[in-house]
Protein chains: 2
Amino acid sequence: MTDLAAVLRANGMRLTPQRRRVVDALARLGHATPDAVAAEVGGDGGAALPASTIYRALEALEELGLVAHTHLDHRAPTFHLAGHADHIHLVCLGCRAVDEVPVALAGEFVAGLTAARGFRADVTHMAVHGWCASCGGPR
Amino acid sequence: MTDLAAVLRANGMRLTPQRRRVVDALARLGHATPDAVAAEVGGDGGAALPASTIYRALEALEELGLVAHTHLDHRAPTFHLAGHADHIHLVCLGCRAVDEVPVALAGEFVAGLTAARGFRADVTHMAVHGWCASCGGPR
DNA sequence: TTGAATGCAAAAAATTTGCATATTG
DNA sequence: CAATATGCAAATTTTTTGCATTCAA
């Protein structure tokens, strides 16, 4: 909480009520598109925020690593709080279902990337596409 | 080649010169956004194709598993031929650089997903975000 | 006080859709 | 021939930008 303000301030940024509302919305939703965030923010009785504010807030928060995003589907990016990111998304190309698995499953993979390229993967941003148990695969 | 036509026909679809040009463009580019495909298709001296045709061609080809896409950056999806997908993309959140590593690195990870959920991951569609060796990471 | 953020409105992008017409198989 | 695709133009959707004004620190 106050930590939020601290991180922002440490980077010459400010904790505005709008940004707080965006963070709260993400906390409630788990993960959501900018559009969904806008709807949630406006839904709590408060006045809706203009799209530009939502986008700029998400961008600012992401820059500091407080928020991250993945692409679960074709269009719209899906944002979530860094703290909420405790799972990897499995997106079925057949039925579009989204499943989640613990990040631990990718442990070796991540370690391998670091070893091979010095790349520190943020698996919490990851969406893996493929075919779920019920779907046939490309036909 | 003829295989392309065969797969399309087997699904009640047709191999039109436009679709062939889109496939050729992807083959030349490796991977590209719909916009880049349009530019490449138009660049070879041939007439440019309307955006809708490009989108519809990519959609049709993707449905059959002949083409796939990833999200290397925030916006635009990046398409590539199924055959070209022999690597995983590492996208640096710091400098936006895109590196590639062999899919083999994810072997165990993929196997784990299948074991845990019966999910057959198509790693060729995967983009892993994180921080490259030269970039500091979230600050 | 003072630079960072917001609101608004307008501009850009990026996709999608309707439909008459042209084409493939 | 008959059903699938294309071309075009218009409509959507999504995201970005400019700027005067407000507000957090």
Side-chain angles (χ1 to χ4, degrees), chain A residues 1-25 31-42 46-64 66-67 69-79 96, chain B residues 1-25 31-42 46-64 66-67 69-79 96:
Chain A
M1 287 295 139
T2 310
D3 191 41
L4 223 192
V7 175
L8 282 165
R9 264 206 326 228
N11 287 74
M13 299 178 148
R14 296 166 184 178
L15 177 53
T16 63
Q18 290 85 339
R19 284 176 179 174
R20 187 151 22 207
R21 289 215 277 156
V22 166
V23 169
D24 289 346
H31 43 58
T33 60
D35 216 50
V37 171
E40 175 71 16
V41 158
L49 294 180
S52 56
T53 295
I54 304 270
Y55 278 98
R56 288 194 274 228
L58 290 172
E59 182 186 25
L61 295 165
E62 187 165 34
E63 245 180 72
L64 302 185
L66 300 169
V67 153
H69 80 273
T70 351
H71 286 277
L72 297 188
D73 64 13
H74 227 323
R75 305 280 300 268
T78 302
F79 290 82
R96 300 247 144 244
Chain B
M1 285 285 154
T2 311
D3 193 40
L4 222 191
V7 175
L8 283 166
R9 262 205 327 223
N11 287 72
M13 300 178 146
R14 297 165 183 178
L15 177 53
T16 63
Q18 289 85 338
R19 286 177 177 172
R20 188 154 18 208
R21 288 216 278 156
V22 166
V23 169
D24 288 347
H31 43 59
T33 60
D35 216 50
V37 171
E40 175 71 16
V41 158
L49 294 181
S52 56
T53 295
I54 304 271
Y55 279 99
R56 290 194 273 226
L58 289 172
E59 183 187 24
L61 295 165
E62 187 165 35
E63 245 180 72
L64 302 186
L66 300 169
V67 153
H69 79 272
T70 350
H71 286 277
L72 297 187
D73 63 15
H74 227 323
R75 305 279 301 268
T78 301
F79 290 82
R96 300 245 141 246

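Quick note: numbers below take in every heavy atom, side chains included, and nothing from hydrogens, waters or symmetry partners. Everything numeric in this text was worked out from a predicted model, so none of it was measured. In what follows, every chain begins at residue 1, and chains take the letters A, B, ... in the order their sequences are listed.
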- Task: Could you pull out all residues at least two apart from A/Thr53 that satisfy side chain to side chain contact (heavy atoms under 4.5 Å, CB included)?
- Result: A/Gln18, A/Leu49, A/Pro50
- Between P of D/dA5 and CZ of B/Arg20, the distance in whole Å: 14 Å
- Could I get the full list of side chain to side chain contact (heavy atoms under 4.5 Å, CB included) partners for A/Ala57, not counting sequence neighbours? A/Arg19, A/Val22
- Query: For the pair made of NE2 in A/His69 and C1' in D/dT14, what is the distance, rounded to whole Å?
  - Reply: 14 Å
- Query: Taking five pairs at each end, how big is the angle between the two axes of the helix from C/dT1-D/dA25 to C/dG25-D/dC1, to 10°?
  - Reply: 50°
- Message: Going 5' to 3' along DNA chain C, which are the first and last nucleotides with any atom under 4.0 Å from a heavy atom of chain B?
- Response: C/dA13 to C/dG25
- Item | Close side-chain approach of B/Arg14 to B/Leu8, heavy-atom, < 4.5 Å | no
- So do the side chains of A/Thr70 and A/Pro77 get within less than 4.5 Å of each other, counting heavy atoms only? no
- Task: Map A/Asp35 and A/Ser52 onto DNA chain D by nearest heavy atom, then report which one ends up closer to the 5' terminus.
- Result: A/Asp35
- Task: Starting at atom NE2 of B/His71, determine the distance to atom P of D/dT15, rounded to an integer number of angstrom.
- Result: 11 Å
- Distance (rounded to the nearest 0.5 Å) between A/Arg56 CZ and A/Leu61 CG: 13.5 Å
- Check the distance between D/dA5's C1' and B/Leu58's CG and give it to me in whole angstrom. 15 Å
- Nearest-angstrom distance from the residue atom CZ of A/Arg56 to C1' of D/dT14: 15 Å
- Go through the steps to decide whether B/Leu15 and B/Arg20 satisfy the test side-chain contact (heavy atoms from CB on, under 4.5 Å), and finish with yes or no. CA-CA 7 Å; B/Leu15 177 53; B/Arg20 188 154 18 208; 3.6 Å; yes
- Item | Residues in side chain to side chain contact (heavy atoms under 4.5 Å, CB included) contact with B/Thr78, at least two apart in sequence or another chain | B/His31, B/Thr33, B/Leu72
- Task: Quick one: closest heavy-atom pair of A/Arg21 and A/Ala47, and the distance?
- Result: NH2-O, 2.9 Å
- Got a sec, which residues hit side chain to side chain donor-acceptor pair (under 3.5 Å) with B/His69, two or more places apart in sequence or on another chain? B/Glu62
- Partners meeting side chain to side chain contact (heavy atoms under 4.5 Å, CB included) with B/Ala38 (sequence neighbours left out): B/Ile54
- Query: Side-chain N or O of B/Arg19 less than 4.0 angstrom from OP1 or OP2 on D/dA5?
  - Reply: yes
Tabulate atom names and distances for all N/O pairs under 3.5 angstrom spanning the protein and nucleotides 21-25 of chain D.
unit_1	atom_1	unit_2	atom_2	d
D/dA24	N3	A/Arg14	NH1	3.4

- Heavy-atom nearest nucleotide on DNA chain C taken for B/Ala51 and for A/Thr53; more 5' hit belongs to A/Thr53
- Rounded to whole Å, the OH-P distance (B/Tyr55 to D/dT12) equals 18 Å
- Rounded to the nearest 0.5 Å, how far apart are CE of A/Met13 and CG of A/Leu66? 10.0 Å
